[in-house]
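Basis for what follows: all heavy atoms, side chains included, without hydrogens, waters or symmetry-related copies.
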Amino acid sequence: MTSSTLPPWRGCPITSKIPLAMLLLGSGISSLGNTMAALAIPWYVLTTTGSAALTGVAASVNGAAVVFAALLGGALIDRLGARRVIIAADVASGVTVALIPLLAIAGLLPFWALLLLIFAGALLDPPGNAARQALLPDVAAPAGVSAERANTAYTTVLQLAQLAGAPLAGLLIIGVGVSGVLWVDVATFAAAVALLLALVPGPARAATTAVAPDGGASIPRRYTREVAEGLQFLLRDPLLRALVLTGTVQSLLGPALLGVVLPVYVLRLFGTPVNLGLLLAAYTTGAIASGALYAVIAPALPRRPVLVHTVLVMTLGVGLLALTPPLWLMLLALVLLGLEQGPGPAIFNALVQRRTPPALRGRVMSAVIAFALAGGPVGVLLGGLALELAGLRLTLLALLAGYTATWLVLLRNQELCALDAPPLATDETQLTES
């Protein structure tokens with residue numbers, strides 16, 4: 001069934017919406033578990049080793065696994081199917097998290113073994129996330145839900161899970177200890193797998209051939225070649241290339257601002273981490289509010305102006321921070337920064353899903369995630385160096401210049417006019433032609 005023949009939203013049977021609802025719920029539960037594990041495991045390392053340096057090593061191993069897997073794991077989705085990869089990712093997360101307290105109780109968890117578990121647990125997370133996004137159009141279309149609404153709902157669910165996960169993990173550490181938190185993590189992954197198995201149908205058939213970006217003949221299925229196909233498709237499409245490059249710049253600027261500059265900013269102005277928590281909560285609130293609003297009004301709005309104007313609003317937020325205003329204005333600035341995180345990823349992900357043939361969707365979504373993740377470590381490093389060499393005010397002005405340049409590129413880029421063009425033909429036609 002093509003999108004043109006899908007029944008309207010109000011005419012869909014309620015059962016057609018169940019797979020979409022369960023995919024979103026399972027994604028939220030899995031993200032909750034990952035967020036809790038991201039706090040509990042470093043806390044476990046710190047409390048058992050007493051070393052901040054070893055805690056940093058554990059975090060770096062996790063980050064290395066995530067970037068590596070994001071780039072190379074996409075071909076697994078197109079080979080095995082998105083649903084299988086999601087299940088494998090959550091099972092791997094649950095098993096590796098469960099092994100930490102089990103091996104610790106048995107006295108069989110030296111630090112190197114803990115690092116192996118952290119690496120293995122993180123290895124399937126990016127393919128799992130990419131698989132969820134690759135599967136999203138398949139469960140949204142029968143429910144009569146537009147790609148923008150489905151992606152906005154997906155992003156908002158993840159943000160809510162991340163917002164709840166960190167404080168929940170902190171409370172559970174106090175109440176049941178870090179090992180108890182890890183067992184709660186295991187339960188979240190098991191629940192996510194159960195929902196997917198029971199209520200989200202598998203595909204009618206897995207993709208058996210890869211399709212060239214020009215819709216040409218089948219390509220030999222060698223794994224490294226398949227990974228390269230996803231990157232090539234993403235970078236050959238002028239519209240996707242323009243958005244992924246500007247998105248990569250934002251993935252450099254955002255972690256630098258939120259991960260390095262903002263903590264230093266708060267420490268120097270207020271001297272207390274409480275205000276840092278308030279500011280990050282304001283950022284998340286802006287993201288969730290904009291996502292919820294965009295999910296409601298997305299069909300009525302053209303995509304290009306929404307994308308350009310939200311980046312402008314984000315730039316204004318950075319400019320407000322550069323003025324070192326009082327706390328209430330800083331909170332407003334962080335809300336403005338968060339507003340782009342609702343519609344921006346939804347528009348981009350929906351566009352990728354529309355323009356990518358199903359046989360390539362896993363690899364392309366993984367490549368998008370890899371670009372987004374790769375910018376973070378570089379941005380944090382550059383942000384720290386800038387603070388040391390240039391100071392807080394000049395670093396903020398440099399970030400403002402970066403966000404302003406991103407907005408101007410989006411504003412003047414004529415490729416973005418295609419955002420509001422009719423969607424491309426689906427790959428089903430291309431598959432039959434090839």
Side-chain angles (χ1 to χ4, degrees), residues 9 14 16-39 82-83 85-87 89-90 93-94 124-169 184-185 187-201 280-299 310 338-353 365 368-369 372-373:
W9 167 261
I14 189 65
S16 67
K17 300 179 179 66
I18 290 176
L20 174 61
M22 292 304 102
L23 178 63
L24 293 174
L25 179 60
S27 299
I29 294 172
S30 177
S31 179
L32 181 70
N34 278 323
T35 303
M36 294 171 65
L39 188 148
R83 186 169 177 267
V85 172
I86 298 169
I87 293 169
D90 282 340
S93 294
L124 280 179
D125 281 346
N129 293 333
R132 287 182 173 90
Q133 291 176 302
L135 184 60
L136 196 58
D138 296 333
V139 295
V145 179
S146 70
E148 282 76 20
R149 276 182 168 169
N151 280 279
T152 303
Y154 174 80
T155 302
T156 303
V157 165
L158 296 193
Q159 290 165 342
L160 286 170
Q162 292 159 8
L163 181 64
L168 180 59
V184 173
D185 290 342
T188 62
F189 296 126
V193 170
L195 284 171
L196 200 70
L197 286 172
L199 297 167
V200 180
L280 292 176
Y283 174 83
T284 306
T285 300
I288 292 172
S290 66
L293 178 61
Y294 187 68
V296 175
I297 63 176
T310 53
L339 290 179
E340 192 271 341
Q341 293 303 306
I347 291 172
F348 180 52
N349 290 335
L351 178 72
V352 173
Q353 292 158 2
M365 293 305 306
V368 169
I369 291 174
L373 291 174

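- Of all the heavy atoms in Leu136 and Leu23, the pair that sits closest is CD1-CD2, 3.9 Å.
- Going from atom CD1 of Ile87 over to atom CZ of Phe189 covers 15.0 Å, rounded to the nearest 0.5 Å.
- The closest side-chain donor-acceptor pair between Asn349 and Glu148, if any, does not fall under 3.5 angstrom.
- In this structure, Ile347 and Tyr294 have side chains that are in contact, with non-hydrogen atoms separated by less than 4.5 Å.
- Nearest heavy atoms, Pro19 versus Val139: CB-CG1, 3.9 Å.
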Residues Val184, Met36; criterion side-chain contact (heavy atoms from CB on, under 4.5 Å); working and verdict: CA-CA 9 Å; Val184 173; Met36 294 171 65; 3.7 Å; yes

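- To the nearest 0.5 Å, atom OG of residue Ser93 and atom CG of residue Asp125 are 4.0 Å apart.
- The distance from atom CG of Leu32 to atom CG of Leu168, rounded to the nearest 0.5 Å, is 6.0 Å.
- The only member of Leu196, Leu195, Leu197 that meets side-chain contact (heavy atoms from CB on, under 4.5 Å) when paired with Val193 is Leu197.
- With contacts defined as side-chain heavy-atom distances shorter than 4.5 Å, the pair Val368/Phe348 qualifies.
- Interatomic distance, CG of Asn151 versus OG1 of Thr156, reported as 10.5 Å (0.5 Å rounding).
- Gln341 has its side chain out of reach of Thr310: every pair of non-hydrogen atoms, C-beta onward, lies at least 4.5 Å apart.
- Atom CG of Leu339 is separated from atom CD1 of Ile288 by 12.0 Å, given to the nearest 0.5 angstrom.
- Nearest heavy atom pair, residue Leu20 against residue Ala143, reads CD2-CB, 4.4 Å.
- Looking at heavy atoms from C-beta onward, Asn129 lies out of side-chain contact with Met365 at the 4.5 angstrom threshold.
- Counting heavy atoms from C-beta on, the side chains of Ser290 and Glu340 never come closer than 4.5 Å.
- Taking each heavy atom of Leu24 and Ala150 in turn, the nearest pair found is CD2-O, 4.4 Å.
- When all heavy atoms are compared, the tightest approach of Ala192 to Ile29 is N-CG2, 4.3 Å.
- Between Asp90 and Arg132 there is a salt bridge, since at least one side-chain N of the basic residue sits less than 4.0 Å from a carboxylate O of the acidic one.
- The shortest distance between side-chain heavy atoms of Leu158 and Ser27 falls below 4.5 Å.
- Nearest approach of Thr188 to Asp185, heavy atoms of both residues: OG1-O, 2.5 Å.
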